[in-house]
Protein chains: 2
Amino acid sequence: MTDTYEKPDVMVDVVPLMLRGERLCTVLAMRAKEPFMGRPALLGGYVHLPEDSSLGATARRVLLEKAGIQGLYVEQLSTFSGPDRDPRGWSVSVAYFSIVPEEAIDDVLMRPDLQIVPVEEAVGLPFDHDLIISAAVARVRGKGAYSDIPARFLPAEFSLGELHRTYEAVLAERIDESAFRRKLMERDFVERIEGLTKTVEGAKRPSQVYRLRPGLSVFDRRF
Amino acid sequence: MTDTYEKPDVMVDVVPLMLRGERLCTVLAMRAKEPFMGRPALLGGYVHLPEDSSLGATARRVLLEKAGIQGLYVEQLSTFSGPDRDPRGWSVSVAYFSIVPEEAIDDVLMRPDLQIVPVEEAVGLPFDHDLIISAAVARVRGKGAYSDIPARFLPAEFSLGELHRTYEAVLAERIDESAFRRKLMERDFVERIEGLTKTVEGAKRPSQVYRLRPGLSVFDRRF
DNA sequence: TCAATAGTGTCTGTTAGACAGTATGGA
DNA sequence: TCCATACTGTCTAACAGACACTATTGA
């Protein structure tokens, strides 16, 4: 069975997401090879057998090799397939998105082969990368509304004000502050770091510092 | 790049879901070949190049070839991968679930190589099929709560009472009847077929017949 | 003291669930 | 008529959004 049919190419494409100036952005790389050499596209690569232990491992390797970043939150999105999505022939691309936290953005900025683009402006890309980016944004704005995903754009320690602004930026909509705090406190979603405060830039009064409670990844419903 | 690395096997596994006696069930097939010959497992098959036009097409072909059913609602779940999930070596399985409507159940019952099993009892299966079934149930019970997926277990025309009982069976929880009807009417989720009524078995008063409004697939939030 | 953000309390409209009630037609 | 299910109306409790209010510190 296996040997009477040719195997498709299997690759991984990663949509790195970050926040720049309250806008949700992705990272594109100039393609160094054909097809579409010289054009910006998502970070992608073939699965390496046998050393990749899973396609998630492939995604993390691609992030490290093509963008020099590691330790990111990575989540599988969906799988795209067909004879026409890649001019090289029938292919399978397993798409992932990953969250680039604030403190890792500088590493990306240093690389001349990478560009940071607001997700709304990342269109006209080769392959079916427009579609993959739409899927990533839909996931983060849909599921993100009631998960801890937006918190991953921040460093491990943050104030509730920063977290509030981050949710607003990711979802691109206003969220009532008191409802936000209420929800966050009801579910044990974040935990306060006793005795630790910091003054956010621009503010006068220092704010309590919180961190994501380890363990759970999704809490409840929408704010 | 492509030719320096071996390609993984790419297969599709399908979780057919149906309702039997108010219980959510799946369909397992006796494996006709090694590995795990003679043991029940999900319906699976390798992608056929070049005739499969996508992995979704592979899933539909597998349903037809291994269970003799077609025209079903099919949705991609997630992709599973790694060196150990299949004893034949590094493999990628793209998992789908599909909804088997009431009127197609007889076709499945006629096939001696298939068995219908409540999802809670479909455990201890080969490969990572337990995991795949869990993912399918989670998807249908999560997303299903606010989508039209449960309606696809019914024939095209149904009464609101039948639809209500179907949601309860799929989600395995009680749903308030008046809230259910209110929600359904507010969103234009179903449309009444003017002048058409039918008497559900056991009932005395005939009920209005509805159908899914063509087009939209997801409406709003939970009941 | 003023400015600026941090954080709290209260009102109100919406909505989901509970549940009682009416409607309809078969036996 | 009684019964079983179809369908509707109303009350209530929970909750999200609006928004005004207090708290805290730097300048």
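Letters go in sequence order (proteins before strands), and every chain restarts at 1.
Ser178(A) contributes a side-chain N or O that forms a donor-acceptor pair with the base of dA18(D) under 3.5 Å. Residue-to-nucleotide contacts include no donor-acceptor pair under 3.5 Å from the side chain of Arg174(A) to the base of dG17(D).
Heavy-atom distances to DNA chain C give each of Gln208(A) and Arg182(B) a nearest nucleotide, and the one nearer the 5′ end belongs to Gln208(A).
Atom CD in Glu177(A) sits about 8 Å away from atom P in dA6(C), given to the nearest Å. Between the CD atom of Glu168(A) and the C1' atom of dG17(D) there is a distance of 13 Å, given to the nearest Å. Taking atom NZ of Lys204(A) as the reference point, atom C1' of dT1(C) lies 12 Å away to the nearest angstrom. One atom, CG of Leu184(A), and another, P of dT8(C), lie 12 Å apart when rounded to the nearest Å. One can place CD1 of Ile175(B) at 13 Å from P of dA16(C), the figure rounded to the nearest angstrom. Regarding Arg181(A), its CZ atom lies at a distance of 13 Å from the C1' atom of dG9(C), rounded to whole Å. The separation between Phe158(A) atom CZ and dT5(C) atom P is 20 Å, rounded to whole Å. Separating the CG atom of Leu160(A) from the C1' atom of dA23(D) is a distance of 15 Å, rounded to the nearest angstrom.
When only modelled atom types and interatomic distance are considered, Thr79(B) and Thr79(A) share a side-chain donor-acceptor pair under 3.5 Å. Donor-acceptor pairing under 3.5 Å is lacking for the side chains of Ser159(A) and Gln208(A).
Glu177(B) and Arg165(B) are not joined by a salt bridge, as no carboxylate oxygen comes within less than 4.0 angstrom of a charged side-chain nitrogen. Using a cutoff of 4.0 Å between basic side-chain nitrogens and carboxylate oxygens, Arg141(B) and Glu173(B) are not scored as salt-bridged.
With hydrogens and angles disregarded, no donor-acceptor distance shorter than 3.5 Å links the side chain of Thr26(B) to the backbone of Val15(B). The backbone N or O of Arg85(B) sits nowhere less than 3.5 Å from a side-chain atom of Asp128(B) that would complete a donor-acceptor pair.
Residue Arg205(A) places no side-chain N or O under 4.0 Å from the OP1 or OP2 atom of dA4(C).
The side chain of Pro206(A) has dT24(D) as its nearest neighbour among dA16(D), dT24(D), dA18(C). The listed nucleotides are dA16(C), dA6(C), dA16(D); the one nearest the side chain of Arg187(B) is dA16(C). When the nucleotides dG17(D), dG17(C), dA16(D) are ranked by their closest atom to the side chain of Asp176(A), dG17(D) comes out on top.
For DNA chain C, none of the residues of residues 195-203 of chain B falls under the heavy-atom distance limit of 4.0 Å.
For the pair Arg31(B) and Phe36(B), the cation-pi criterion (under 6.0 Å, within 45° of the ring axis) is not fulfilled.
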